[in-house]
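Worksheet: the structure to be examined is printed underneath.
Just so it is clear, the structure is predicted and the values come from calculations on it, not from any experiment. First the proteins, then the strands, lettered A, B, ... as listed; each starts at 1.
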2 protein chains.
Amino acid sequence: MTAADPAPRRGRGRPGYDQAAVLRTAVELFNRKGYDATSIGDLAKELGVTKPAIYHHVTSKEDLLRLALDDALDELTAVVGGAVEDAGSAGAYERLRGVVRRSVEVLVAHQPAVTLLLRVRGNTPVEVEALERRRWLDDRLAALVRAAVAEGALRNDIPAELVSRLLFGMVNSLAEWYRAEGTYDAAAVADALTQLAFDGLARR
Amino acid sequence: MTAADPAPRRGRGRPGYDQAAVLRTAVELFNRKGYDATSIGDLAKELGVTKPAIYHHVTSKEDLLRLALDDALDELTAVVGGAVEDAGSAGAYERLRGVVRRSVEVLVAHQPAVTLLLRVRGNTPVEVEALERRRWLDDRLAALVRAAVAEGALRNDIPAELVSRLLFGMVNSLAEWYRAEGTYDAAAVADALTQLAFDGLARR
DNA sequence: CCTACCGATCGGTAGG
DNA sequence: CCTACCGATCGGTAGG
């Protein structure tokens, strides 16, 4: 895997990357080697610049992490928050199906950032804040599952919290193998996962 | 979280840990902070000994990782290999259900080691070898899903490889939240997950 | 954006 | 001589 090409040269000066390009390459490296195992020197080499040049675009290594985590969290918050706000417009079951489908689409469209988010350990304040936002999302999803059970649309022989964890565990597992350049597009994966989760694996 | 107590003192000398106790504490730290972010000094502090004392029990930090990964891989290989060898004794569908259930049980019983395994990035030869063994397991599981589809027991409207990834993605997601001291025991989680996966989430 | 560095900490090992 | 360590420091490398 090589770095993205630099932005077009604007007449003179060095090749030149913008912050978005540095961030993209950084997230790719963080996911491939792990955040801690990726040095700023690794990132500089991948981009073909020197180590100090990185600090022209970002103030710290953790800044790169924060930018990526905020990207993933903002997208996921929009999906989950939207389903909560529409509480009156549809049943909980339909809203849950919608959240699952749109979560898959977000995960596919922002796979590198979401993958990074799912690996956060809470070692720094930036990571702790990301974990708190994730926790908020998990709580809203669990509430939506409970509502769908309460309206009689979901099986009630398994605790709703367990259902929620397993369901979104399956969604999140996409981060470990889904690649945009692969066999399946977002819609195909979203369809398959939704059908599998709600209707089950066994032939009927 | 504090370290396990040392082994009982045998009359004289220092507190004394054996390799298994050091390994247990190391894996717990690796999972809490990440492998790279955990120093031998952190491990020593957690155990209440000095850093050089760690090297009385293991030859290197990577040795600790290898011991833990081998533990998880040996257990999972036994489960998956067993289902392959019993190919004549039961249908693929029943063998698949058995593998799912026993995988959950292994994951619950060896949660720290399996969690570590699922986070391996391939940064070192030890990690690459672990990824190769994981790949072998994934291939066997995918073959078992294909066999179950072929015998007509599983739905055939979703590609078998996708079914396999989503199914074991759900199993593996347990590593992220299941804790032995929590609400659910292994059998309850194995039951819930197996029913959810095969029969689906929707009420019928 | 580069060359030239810093304070600190890393995994691992010395003699006792 | 053993097991189980300690205090100090090694050569290198991290982020900045």
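- Side chains of Asp42(A) and Ser39(A): a donor-acceptor N/O pair is present below 3.5 angstrom, by distance only.
- Comparing dG12(C) with dA8(D), their C1' atoms sit 13 Å apart, to the nearest whole Å.
- Per the geometry, NE2 belonging to His56(B) stands 4 Å off P belonging to dA4(D), to the nearest Å.
- Of the candidates dG11(C), dG15(D), dC5(D), dG15(D) carries the atom nearest the Lys51(A) side chain, counting heavy atoms from C-beta on.
- For Tyr55(B) and dG11(C), the OH to P distance is 7 Å, given to the nearest whole Å.
- Using a 4.0 Å heavy-atom criterion, one finds that Thr59(A) contacts no nucleic acid atom at all.
- Note: CG (Asp42(A)) to P (dG16(D)) measures 14 Å, nearest angstrom.
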Report the secondary structure of DNA chain C in dot-bracket form, marking unpaired bases with a dot and bases paired to a different strand with |, and treating Watson-Crick or G-U pairs with both distances under 3.5 Å as paired. ....||.|.||.|.||

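- Inter-residue side-chain proximity for Gln111(A) and Leu174(A) is flagged as unmet; no heavy-atom pair is nearer than 4.5 Å.
- The Ile40(A) side chain lies nearest to dG16(D) when the options are dG16(D), dC6(D), dC5(D).
- Side-chain N/O atoms of Lys61(A) and base N/O atoms of dG16(D) include no donor-acceptor pair closer than 3.5 Å.
- Separating the C1' atom of dG11(D) from that of dT9(C) is a span of 13 Å, rounded to the nearest Å.
- Nearest heavy atom pair, residue Tyr178(A) against residue Tyr184(A), reads OH-O, 2.7 Å.
- Counting non-hydrogen atoms of other residues, nucleotides and ligands closer than 6.0 Å to CZ of Arg179(B) gives a total above 12.
- Between the P atom of dC10(C) and the CD1 atom of Ile54(B) lies a distance of 14 Å, rounded to the nearest Å.
- Between Asp36(A) atom CG and dC10(C) atom P the separation is 11 Å, expressed in whole Å.
- The P atoms of dA4(D) and dG16(C) are separated by 22 Å, rounded to the nearest whole Å.
- Here Thr50(B) does not reach the OP1 or OP2 of dC5(D): none of its side-chain N or O atoms lies under 4.0 Å away.
- Following rounding to the nearest Å, Asp63(A) (CG) and dG16(D) (C1') show an atom-to-atom distance of 13 Å.
- Shown here is Gln195(A), whose CD atom has more than 12 heavy atoms of other residues, nucleotides or ligands within 6.0 Å.
- Remark: C1' of dC6(D) and NZ of Lys45(B) are 17 Å apart, rounded to the nearest angstrom.
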